[in-house]
Amino acid sequence: MIDRPTAPWWTSAVVYQVYPRSFADSTGDGIGDLVGITSRLDHLQRLGVDVVWLSPIYLSPQADNGYDISDYQAVDPVFGTLEDFDRLLAQVHERGMRLVMDLVVNHTSDEHPWFVESRSGKDNPKRDWYWWRPAREPFTAGEPGAEPTNWESFFSGPTWTLDETTGEYYLHLFDRKQPDLNWENPEVRAAVHEMMRWWLDRGVDGFRMDVINFISKHPELRDGPTTGTGGLGNGFAQFATGPRVHEFLQEMRREVFAGRTGNFLTVGEMPGVTWEDARLFTDPARGEVDMVFQFEHVSLDHGPGGKFDPKPLDLRDLKASLGRWQTALGETGWNSLYWNNHDQPRVVSRFGDGSRESATALATVLHLHRGTPYVYQGEELGMTNAPFAGVDDLRDVESLNHFHRAVEAGQDPEAVLTALRAMGRDNARTPVQWTADHEAGFTDGTPWIAVNPNHTWLNAAAQYDDPHSVFHHYRRLIELRHTRPVVAVGDFTMLLADHPHVYAFERRLDDVRLLVVANLHGTEQTVDLAPEWAGATAVLSNTAGHDVDASRAILQPWAALVLELTGGQS
Ligand code: TEU
């Protein structure tokens, strides 16, 4: 079990995700860039985060905002130069923080030279670097249904595209501009390892690994159950957490990290991962990754039709899910903790009511779990979902494909838009709101996606001087993790599991106990506490609206309270 004094450094660390396109623009072209990020490092230092995770900055046709890479060892001119990157890295290090890169190696761009070679002919030495298959018998290439499997892409439509050059199909779990690499081929793995070593030699401190549990496919590539749109199937069982994924990750750890000294962080993004698998992936003895991003808690509001068929969250489901992960990875392994990233709608709009109180209550709950918390840019300000007026305001390939396919299939465009407004990824991608000025201080030009009109009152500048702001609440939560070992490595016990509106739990380390009680609802709640908490010290609260007497806490809407008992008191 991870415990003092041997706990790795990242157990008391907080990671901040930067989505470069939307963070800060230094050139006026409307797109964020590396110089912009460097100019805003004071903000991160003030917040107190330990690690910056940088979403992709590599050369890319930008079909999926950089998650489609055409050169892993070059910076896209839209973001700047390699020299800009080196300066950013040096500045991050100078401020005592670390920098983690996004590693997108399940797929490349179709414009990557590896794929350009691979598609050039069946005899090309790189042919086998990707997944090529002939049309399905007895179908004819190019006819609907001729795709080698029936799988539906994450971005709508089939996962196979016919390439006219050789008359074969290539596999892409995401967009057609994101062909999947064939990890069965040892040359592919060696090339990835070499590229990773190159970045580590440059001084980076680790990797966030994009959909890394998809790299091992069942080589038979069987059809999946036909649950998708237009008769397409779900191939998940064929490509998620496949037969060789643990082997590949262990090999990667050996080939890339063995013999290096330094404080590195690896986190694997793993859609659909179960806690049983996560325990294997993060068991330190197995040497795979330090932690994983799991998706269970951000799928609880998906309806029968998936993410674009949302349903209200039942708080009991959230507690059951996160509580299970706390228990499952309590003895062996480690959790990462997140509400937001560049793929998720804003938590304050999703599980909260948009208010400062709901932003801070949700933050309190998340950050005081056992695990490493991740803050997504703007979350520390309580940034909300965006009021997209119509499809023209959307930019994300996933949302646009979904809109067009759903409307073609006969769905009501307004209903599709309503779902996209609630769940679409563009909600996370509107520019960071720095000031109340022109374009929220993000750019001197016109931003690539509209800034949220609420930047006139919801912005960083307004929050720095307000001790009750969302920003300062996040800062205090981060400080608690840094200063109190019970937050980092204490054990976790869920309380009031059946309460529909209150999220409560206890952390304990030796003779220190923390009680976290949060009302995640817009009406006042009263809960009974064990009598000893009457004498406890309040270490944090997000509102004056709470009252604890001998046995009960009265919690105003969205009030969150953290109490501490130490040795003598309990
Ligand atoms: O996302 C993987 C993923 O499965 C989802 O979170 C995805 O965003 C989609 O919404 C599923 O409905 C990762 C990246 O985080 C994402 O930005 C990329 O688009 C994707 O991989 C492909 O690289």
Side-chain angles (χ1 to χ4, degrees), residues 15 17-22 53-58 60-70 72 100-110 112 115 151-157 159 171-181 192 207-215 227-229 232 234-236 239-241 267-273 292-303 305-310 336 338-347 350 374 376-377 394-403 405-406 419-420 422-429 449:
V15 183
Q17 184 191 353
V18 169
Y19 192 68
R21 207 177 176 78
S22 306
W53 146 28
L54 201 58
S55 276
I57 46 122
Y58 315 98
S60 162
Q62 306 287 330
D64 187 18
N65 290 357
Y67 284 88
D68 51 316
I69 298 167
S70 53
Y72 289 105
V100 163
M101 300 298 275
D102 220 305
L103 181 80
V104 189
V105 290
N106 172 68
H107 45 268
T108 67
S109 164
D110 65 337
H112 194 295
F115 188 75
W151 307 348
E152 182 176 28
S153 152
F154 285 98
F155 294 163
S156 307
T159 57
L171 174 68
H172 54 89
L173 297 182
F174 294 90
D175 191 67
R176 60 169 57 206
K177 288 190 65 65
Q178 293 168 296
D180 280 53
L181 281 164
V192 169
F207 299 97
R208 173 270 185 190
M209 303 173 179
D210 195 65
V211 289
I212 204 70
N213 63 328
F214 292 176
I215 57 177
T227 51
T229 319
L232 288 171
N234 182 345
F236 210 75
F239 59 74
T241 316
V267 49
E269 189 211 24
M270 302 196 177
V273 71
V292 305
F293 290 134
Q294 55 97 1
F295 282 69
E296 198 178 278
H297 67 302
V298 289
S299 307
L300 298 173
D301 59 352
H302 294 185
K307 72 185 271 190
F308 296 125
D309 177 26
S336 64
Y338 75 94
W339 291 140
N340 274 121
N341 57 43
H342 63 292
D343 296 331
Q344 300 292 331
R346 294 284 183 177
V347 71
R350 183 183 193 178
Y374 287 72
Y376 175 69
Q377 65 185 36
L394 300 176
R395 297 288 178 272
D396 176 26
V397 58
E398 180 187 46
S399 293
L400 294 172
N401 288 358
H402 172 72
F403 181 84
R405 294 221 178 228
L420 287 171
M423 301 303 278
R425 305 195 299 181
D426 280 328
N427 284 301
R429 302 177 179 184
I449 186 170

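Counting starts at 1 for both ligands and their atoms, in listed order.
Summary of contacts: the protein heavy atom closest to atom 9 (C) of ligand 1 is Glu398 OE2, 3.3 Å. Summary of contacts: the protein heavy atom closest to atom 18 (C) of ligand 1 is Asp64 OD2, 3.3 Å. The protein heavy-atom contact nearest to atom 20 (C) of ligand 1 is Phe174 CE2, 3.7 Å. What sits closest to atom 5 (C) of ligand 1 on the protein, heavy atoms only, is Asp343 OD2, 4.1 Å. In terms of protein heavy-atom proximity, atom 1 (O) of ligand 1 is nearest to Glu269 OE2, 3.2 Å.
Under the 6.0 Å cut-off for aromatic ring centres, Tyr72 and His112 qualify, their centroids lying closer than that.
A salt bridge links Asp210 to Arg208: one of the charged nitrogens lies within less than 4.0 Å of a carboxylate oxygen. Between Glu152 and Arg405 no salt bridge is recorded (no basic side-chain N to carboxylate O distance below 4.0 Å). Of the charged side-chain nitrogens involved, none lies within less than 4.0 Å of a carboxylate oxygen, so that Lys177 and Asp68 do not count as a salt-bridged pair.
The aromatic rings of Trp53 and His342 lie perpendicular to each other, with more than 60° between the two planes, well past the 30° mark. Note: Phe236 and Phe214 have perpendicular aromatic rings, judged against thresholds of 30 and 60 degrees for the angle between ring planes.
The residue among Ile212, Val211, Asp210, Ile69 with a heavy atom at the shortest distance from atom 14 (C) of ligand 1 is Asp210.
Taking every heavy atom of Phe155 and a limit of under 4.0 angstrom, the matching atoms of ligand 1 come to 19 (O). Counting the atoms of ligand 1 from 1 in the order shown, those under 4.0 Å from a heavy atom of Lys307 are 10 (O), 12 (O). The ligand atoms of ligand 1 that sit less than 4.0 angstrom from a heavy atom of Pro271 are 4 (O). Atoms of ligand 1 found under 4.0 Å from any heavy atom of His107 (numbered from 1 in listed order, with element): 22 (C), 23 (O). Listed by number with element, the atoms of ligand 1 under 4.0 Å from a non-hydrogen atom of Phe295 are 6 (O).
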Working note: Asp175 + Asn401, criterion side chain to side chain contact (heavy atoms under 4.5 Å, CB included); need CA distance, chi angles, decisive distance, verdict. CA-CA 9 Å; Asp175 191 67; Asn401 288 358; 3.9 Å; yes

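Between the side chains of Gln344 and Arg350, at least one donor-acceptor pair of N or O atoms lies under 3.5 Å. In this model, a donor atom of one side chain and an acceptor atom of the other lie less than 3.5 Å apart for Ser55 and Tyr67.
Taking a 4.0 Å cut-off on heavy atoms, Arg208 registers as neighbouring ligand 1.
An N or O contact shorter than 3.5 Å links Arg425 to ligand 1 by distance.
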